[in-house]
Structures are given as structure tokens and as C-alpha cells.
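Input: a single structure, listed below in C-alpha cells.
Whatever order the structure lists them in is the order used to number ligands and atoms, beginning at 1.
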Amino acid sequence: LAVLLLFVLRYLGGQDESESASELRSKTRLAKLQERVKAREQQSLAAEEEVIVKDTSSGQSSLGKNKRKLEQEEKEKKQHKKKRKESTEKLDDASNTAASVEHSASSTNDHPSEESNVAVQETKGDGRETEGNQKTANGHPDPSNTGSGKSSSDTSFHFLGGFENKTVQNVQRVLPKWLAEPDAIKRDIKSNLVPLSEVPGICSRLQKKLEANGIQNLFPVQVEVIPAILETVNSGLLIGRGGYRPRDICVSAPTGSGKTLAFVIPVIQALLTRVVCEVRALAVLPTKELAQQVYKVFYSYAEGTGLKVVMVAGQKPFAAEQVALSETRGGMCRSLADIVVATPGRLVDHINKNDNFSLQHLRFLIIDEADRMIDSMHQAWLSQVTKAVYKSGSGSDMSIFRRVEPGPITVASLSPPQMPLQKLLFSATLTQNPEKLQQLGLHQPRLFSSTHTSTQDGTHTEEKFNFPQGLTEYYICCTQSKKPLLLLHFLLQLKFKPALCFTNSREAAHRLFLLVKLYGGVEVAEFSSRLSPNERQKALKRFEQGKIELLISTDAAARGIDVKGVKCVINYDAPQYIRTYIHRVGRTARAGKAGVAFTFLLGVQVKNFVQMVLNAGSTGLQKQTIKPENLKGMESRYEEALDKLGKAIKEEKSQNRF
Ligand SMILES: Nc1ncnc2c1ncn2[C@@H]1O[C@H](COP(=O)(O)OP(=O)(O)OP(=O)(O)O)[C@@H](O)[C@H]1O
């Protein structure tokens, strides 16, 4: 019971006591906990301070680094957003700003990618933010970013469109050395004549022939070119000087300066020693009339030498030309021609259809009026000739004079004796366009020229040509309706005859021919493709003989035609091209003689025409005026002729002749 009492007492009286004790214990525990927290806080603060000290000194502490990195990234993100915004605004406005950015960049640097780098710097600011994350404007990763810590200046934005056109510098044409530095030909014929005996290399046989033809002195082009060609055959027809393939020769000299003899004489002399008759020289000309003219010159100098000259220009039927070129005896075919003068069309016909026509021994290929021949590569005649020249015939592989198309020079290629093909080009207006000349496949060409076109720094602008020294050029401004009267005035009152008059079409030539004929008082003929080759030949012959005072022609007679004594050329219609003008007016003032050329111009044509002629190098073009009263006396007769002309044309049209 005592125990029970003690327990109850203890229970009842001790409740307060136990409560205060537990409170005390809780407080103590709390205090301890607080102390521990404080201690921990102090501990962590101390550790943090230590980390900061370490971090600032070495930058290695991960805790500080991470914290700083987080802060930094936060900051960068903000900056990046801001810059993006700015950059988008700038891109929106790119069409306005990019050009000026580019402009400022291009003023210091020509490289386009570097120009865009400048733009990137302008829009991105510093390089850190895009490191390892660079993209181009179109959103693709920038290939220039290797992620190896390159700065953003290595990246590039590409602005599409909106650029200002930059002014591109003109590219000046620089001529190859052989074109820029030709061997000079003196322009003035009269004061540069050289006696035959003083020109080196011409054999006595040909000197005598020249003298017999009334030639005592040679013209400047002949003085330069004849010895140059003869030099290439000094060691025989097979090889050139020093055993090398001879250089091709190009000649640019004024109209009427004597270019024909400059190739006829050396070619004849080179072939004088030939033993077997084979086609060794081929002269190609653009028209039948020119081929005929050159044939005559070759023929006259080959006469009595044993050399045979044949023309294949379509003057005779194909079969007749075949007979003239070769014959077959005892089953053996042999050439009857040493020199062939041809037009390209007929030449190609013989190459393709005449089995007995061989060019395998060809040594000289003469291309007269070369610029025209390049322009009209009729039926690709040159490549056909080249193919025929290097065609391997039966048994030719066994021949010691084996002929192979030239290639790179090697010991093997030089060992057998070669039969070279040498090209000789002639023209009064030889092109200086290397690309055009390239079509001819020239071998180390040598140019002889009377024009010097290259400027001091070797660049070249306009093509210039030389006009004959004795030529006087005039232009007359008039109306179309006054042209016939002016023409008649020149012939009947001013006595400019014999005259060669050019129109731009065969219809115009025919109409003018009829009108002059109806007016009367002038011996007139026409020359154009309206006429057959025979009729043209007759007209030309009568003009040469002085039976015709006025020959009205299309450009069919503009090139190469050599009629002695033509006093005056009249361009009734203004020529369109400078080359046409040069060849037309070149039908007078030939061989050092004097001549005059008139060009009738409509008011609108004057400026361009004068500019064209002056640009080409003419120094003497003058304006000429004809007083209207000088034409007055001719007008009534002219009106009558016009009336008759109307009727004549009507009649011709009804007969389908116009
Ligand atoms: N040495 C010379 N002495 C006298 N006359 C010559 C001499 N050489 C050429 N001739 C004559 O000069 C004229 C013009 O010659 P040629 O026809 O060869 O000129 P070209 O330069 O070929 O002219 P184009 O460019 O118009 O064809 C011809 O009548 C020719 O007979």
C-alpha cells in the first residue's frame, strides 16, 4: 500500500515536476541544435571564403566556378537576346545598310568573304557569345566555326541581294608579242622603192622576168616579205632554217601595195628546183574574179620555168578542172599542177570528189584576203585542206619523207625529214583578233605590218589600218534624191573617170545603172551577182580596157580587184563596216598612184561615219560641198530620165528580170 501511495503521490504531486523537466530537456536540446546550426553555418562560411580565395587566385574551384558560370551564362543569355533583337532589326533593314557596310569594307579589302566578316562584327559585337554556337544567317552551322576557340570575326553572314552594282574595270586586250611587235613595212611606196638588184635572194631568172614585166624596183612590202619567205626555203623544201619547221607568215599592208608579187615571186623561186610535179603551192581566194587575177600573175611568172599553174574556181566545169589537175597513164596517176589557185567551194569539191587530187606534197598554203577567208570558213575549207595534207596514202608510211601532223617536238618526231606546211596570210585589213587568227592554227607566226597599233603599255584598244598614201578622201552630205544627180555631176562636169561606184545592194546597182544609161553621156556597166560570171568577167575586162567610164558595182568588186587607172571611187551608199570602206576606196590610189574617193552621206549618217573612218586611222577625210546651182542645168534631163526609169523597171518586173 505504501508503495501504491508513493506511486500515486508521486504521480499526482510529481506531474509538475516531470513537465518542467521535459521542458528543460527540450530547451537544452533546442539550444544544442541551434549551436550546431550556428557552428555549421560558420563552418560553411569559412569554407566558402576559402573557396572564393582559391577561385580568384587559380580559377580551379568547381563550386565558385559553377556559381560564376551560372551567373555569367544568365548575363550572356540576356545580352544575346538583346543582340539578336538588334541584329534582326539590322537584317530587316539589310537592303539599306548592307550596301554601305559592304562599301566601307570593300574600300579596305576586295575579298567578298572578308566584306561579310565586317558585317558580322557590326551586328554581333564581341565574339564570346557565339563561341561554339555560330550559325550563318540562313540558320546553318557556319563551316568556318571549328569550335576551337576561334573568334567571331572568322564567321560570316551572307547578305542576299540588296548590293550595289560595283563598277567593273574594263579588261584591256593585250596582244601576243608577235601581233604587238610586227616587222614594220614602210607605208610610203614612192619614196621607198628599192632596185631589184638590191633585194637579197631573188634569182636572176626571176629578176629578168620582173624587168620584162616592167618592174625595176620593188615596193616596201615586197622588200620585206620576199626575202623572209625565201629564207625559210634556204635549206630546201623539206625543212626550214636550222632544221626547224618554218614559221608561218602574216602580212598586213595597204590596198594596192603589191602584196600579190610578195608571195608569187618567192613561191615560184622555191619551186623552181622541184623534180616531180606535185601540188606544192595552193592559193585560196574568196571570189572567182580574184582567183582569176592571182592565177594570171602566177601564170606570167611561171611561164617558161616548167612549173604548172591550174585554177579551180568554177570558171570551168568540174570535169574540165579534173583533167587540168591530173592524168592517169599506165594505171599511174600523176599531178599536172605545181601551183593551184582556188576558191574555197571548188577546192573542197576536188578534195572530196576528185580521187586524183592530192595535197600530200603541199608546202605553201597562201590565204589571200585572209580576214575575209577567216570570217567565211566556207564548208570548213581549212580543216578539209589540213586533213588532205596529212592524209596517209598507200605506202607513204614507208617513205622517208613521211608526213605527220605536227605535235609536240620530241627527238623521235624530229628524226625523219619532215615536209612542213607553211601558211602565208595576206590582207589590207588583217584581223588582230588572236582568237580569230587561232582558227588558222598558225605555227610561230611572224607578222609584217604597216600599222602599229599597240600602245605604250602593251594594251590595245581600236584596230587601226593604213590607207594608201596617194588617197584623198571626201564625204558629201546630201539627200537620197540628189545622189544620182551628184554622181552624174562628178562624171560629166568634173570628169572623174574612169570611176568605180559602190551601192549596198544589187537592186540599187541595177536601178542606178539604168538611170545613168537613160540620162546618157556616160559609158556605164554594172557588176553584181545579177550577172553571170561570164558577164561579170566581160564587164571587168571592158572597164580595164577603158571602154567603160563608170562601173556600178556591189561589194563583189570591193576586194582585191586590180584595175589600173581607176581615178575615182564613189560610195553611192555608205559602207556599213570600216573594212568594206577600206577595200572599196582601195580600188583607187594603187601602186603609189594618186586617187580620190567620195562618200555620199545622208545627214543622219555623217557623225557615225566620220567617227568610224577616223577611228580606223584615216587622217585625211574632208567634207566637200557641191553648190545646188551646179546641178541646176542637169535637172530637167534628169526628170525625163527618172520618168523613163519608172517605165523600164515596170517592164523588167513584168518579165521577171528585176
Ligand atoms: N614593184 C612593183 N612595181 C610596179 N608595180 C607594181 C609592183 N608591185 C606591184 N605592182 C602593181 O601594183 C598593183 C597593185 O598590186 P596588188 O594587186 O598586188 O596589190 P595588193 O596589195 O594585193 O592590193 P589589194 O589589197 O587591194 O588586193 C598591181 O597592178 C601590180 O601590178
Side-chain angles (χ1 to χ4, degrees), residues 185-199 202 206-227 250-268 283-287 289-301 341 366-373 424-431 448-451 465-471 500 502 540 543-544 553 555-566 569 579-595 597:
I185 296 171
K186 293 187 182 101
R187 188 178 156 223
D188 186 358
I189 294 177
K190 269 190 185 166
S191 49
N192 289 296
L193 292 170
V194 176
L196 262 180
S197 53
E198 286 177 28
V199 180
I202 303 179
L206 281 174
Q207 279 191 19
K208 278 183 198 143
K209 266 200 175 292
L210 283 162
E211 280 164 358
N213 286 339
I215 291 177
Q216 320 289 336
N217 303 295
L218 288 190
F219 290 169
V221 67
Q222 296 156 355
V223 174
E224 296 297 330
V225 176
I226 293 174
C250 303
V251 180
S252 178
T255 49
S257 61
K259 293 187 288 294
T260 313
L261 279 185
F263 60 81
V264 167
I265 297 297
V267 165
I268 299 252
V284 190
L285 296 109
T287 63
E289 287 76 23
L290 275 184
Q292 174 99 32
Q293 193 175 289
V294 169
Y295 165 78
K296 276 186 191 163
V297 181
F298 262 122
Y299 186 85
S300 74
Y301 285 92
V341 182
I366 302 137
I367 307 176
D368 203 1
E369 305 296 345
D371 56 321
R372 162 95 186 267
M373 298 300 289
L424 311 175
L425 272 68
F426 293 82
S427 178
T429 51
L430 190 71
T431 177
F448 292 86
S449 174
S450 51
T451 25
F465 305 103
N466 254 340
F467 293 72
Q469 194 85 5
L471 178 71
L500 186 53
F502 289 100
L540 210 54
F543 188 50
E544 273 170 354
S553 173
D555 284 325
R559 269 192 188 250
I561 297 295
D562 181 57
V563 177
K564 287 183 183 70
V566 175
V569 167
R579 283 190 160 79
T580 314
Y581 176 76
I582 289 170
H583 288 282
R584 280 184 181 182
V585 298
R587 297 314 100 207
T588 186
R590 296 176 70 77
K593 304 223 167 61

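Counting heavy atoms only, Gly256 comes closest to atom 24 (P) of ligand 1 of the residues Gly258, Gly256, Ala428, Gly592. With atom 27 (O) of ligand 1 as the reference point, the heavy atom nearest to it among Gly565, Gly586, Gly560, Ser427 is part of Gly560. In this comparison of Asn217, Thr255, Val251, Leu210, the heavy atom closest to atom 1 (N) of ligand 1 sits on Asn217.
Within the listing of ligand 1, atoms 26 (O) sit less than 4.0 angstrom from a heavy atom of Arg587. Those atoms of ligand 1 with a heavy atom of Thr260 less than 4.0 angstrom away are 16 (P), 17 (O), 18 (O), 22 (O). Close approach of ligand 1 to Glu369 is summarised as follows: ligand atoms under 4.0 Å from at least one heavy atom of the residue are 27 (O). Each of the following atoms of ligand 1 lies closer than 4.0 Å to a heavy atom of Leu261: 8 (N). Of all the atoms in ligand 1, the ones that sit under 4.0 Å from a non-hydrogen atom of Lys564 are 29 (O).
Taking the side chain as every heavy atom from C-beta outward, Thr429 and Arg372 never approach each other to under 4.5 Å.
Ligand 1 has no N or O atom lying under 3.5 Å from any N or O atom of Gln293, backbone or side chain.
Contact annotation: for Pro254 versus ligand 1, heavy atoms closer than 4.0 Å belong to the backbone alone. Residue-level proximity to ligand 1 for Arg559 is absent, since no heavy atom of it falls below 4.0 angstrom.
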